[in-house]
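For reference, the structure discussed in these notes is given below.
We count residues from 1, following the sequence as given.
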Amino acid sequence: MKDYKKYYIIPAPPEELYIALTNPATIQLWSGEKAIMSEVPGSEFSLWEDSIVGLNIEFEPGKKIVQQWYFGGDEEELSIVTIKLHPHAQGTSLELRHTNIPDEAYQDIVEGWNDVYFASLLEFYAD
């Protein structure tokens, strides 16, 4: 199991970016795919046609999102995604921490974060 941590600068205020990450209609705008998402802790979510599925754990509006991501049937090792949003001169400094990523999925997950998930957000908010 591996962990991944990275900071991204997104040119949008934290409150707006939080909505972009939690509102299914807004997720569809920047991802191009239908999303199942709710801000209710304990609710399940699905992004990119079930490419990303899991359980919503905690929300702090405008500041933090915590989710458990599912990898196959083994739920003993919890893969936790924490996204923290901090005000920044250029919009938002987004802190991503993804823990307990299965070794065999690590490279795909890192590429997904950088080349799809956050690349799509950056493109959506580009001037």
Side chains of Q67 and W69: do they bring a donor and an acceptor to under 3.5 Å?
yes
Please answer: with hydrophobic residues joined when any side-chain heavy atoms are less than 4.5 Å apart, are L122 and Y7 in the same cluster?
no
Electrostatic pair K5:E95 at N-O distance under 4.0 angstrom
yes
I'd like to check L21 versus L121 (side-chain heavy atoms, cut-off strictly below 4.5 Å). Are they in contact?
yes
Measure the CZ-CE distance between F45 and M37 for me, rounded to the nearest 0.5 Å.
5.5 Å
Side chains of N114 and Y8, donor plus acceptor under 3.5 Å:
yes
Do the non-hydrogen side-chain atoms of Q28 and E33 ever get within less than 4.5 Å of each other?
no
Would you say I65 ends up clustered with Y125 if hydrophobic residues are merged whenever their side chains have heavy atoms under 4.5 Å apart, either directly or through other cluster members?
yes
Taking atom types as modelled and ignoring hydrogens, do the side chains of Y70 and E44 form a donor-acceptor contact shorter than 3.5 angstrom?
yes
Here the gap from Y4 atom OH to L96 atom CG, rounded to the nearest 0.5 Å, amounts to 7.0 Å
Checking T92 side chain against A12 main chain: does a donor-acceptor pair fall under 3.5 Å?
yes
Side chains of S79 and H98 only: does a donor on one sit below 3.5 Å from an acceptor on the other?
yes
Distance in Å, D115 CG paired with S120 OG, rounded so as to fall on 0.5 Å steps
10.0 Å
N56 side chain to V40 main-chain N or O, any donor-acceptor pair under 3.5 Å?
no
Considering only heavy atoms from C-beta outward, does the side chain of K34 approach that of P24 to under 4.5 Å?
no
Can you get from I83 to I19 by hopping between Ile, Leu, Val, Met, Phe, Trp and Tyr side chains that sit under 4.5 Å apart?
no
Within the 4.5 Å heavy-atom criterion, are P41 and I57 side-chain neighbours or not?
no
Does the ring center of Y117 lie less than 6.0 Å from the ring center of W30?
yes
Distance col, row S31:OG vs E49:CD, nearest 0.5 angstrom, shows 9.5 Å
Treat each ILVMFWY residue as a node, draw an edge where side-chain heavy atoms are under 4.5 Å apart, and state whether I36 and V116 are in one component.
no
Can you tell me how far the CZ atom of F59 sits from the OG atom of S43, to the nearest 0.5 Å?
5.5 Å
Compare every heavy atom of Y106 with every heavy atom of I101, then report the nearest pair and how far apart it is.
CG2-CA, 3.7 Å
Distance, nearest 0.5 Å, that separates CG of L94 from CD1 of I9
8.5 Å
For residues P14 and G62, report the shortest heavy-atom separation together with the two atoms involved.
CB-O, 3.6 Å
Do we see a donor-acceptor contact under 3.5 Å between the side chains of E39 and Y18?
yes
Is there side-chain contact between I10 and L85, with heavy atoms separated by less than 4.5 Å?
no
Does L78 offer a backbone N or O that forms a donor-acceptor pair with the side chain of N100 under 3.5 Å?
yes
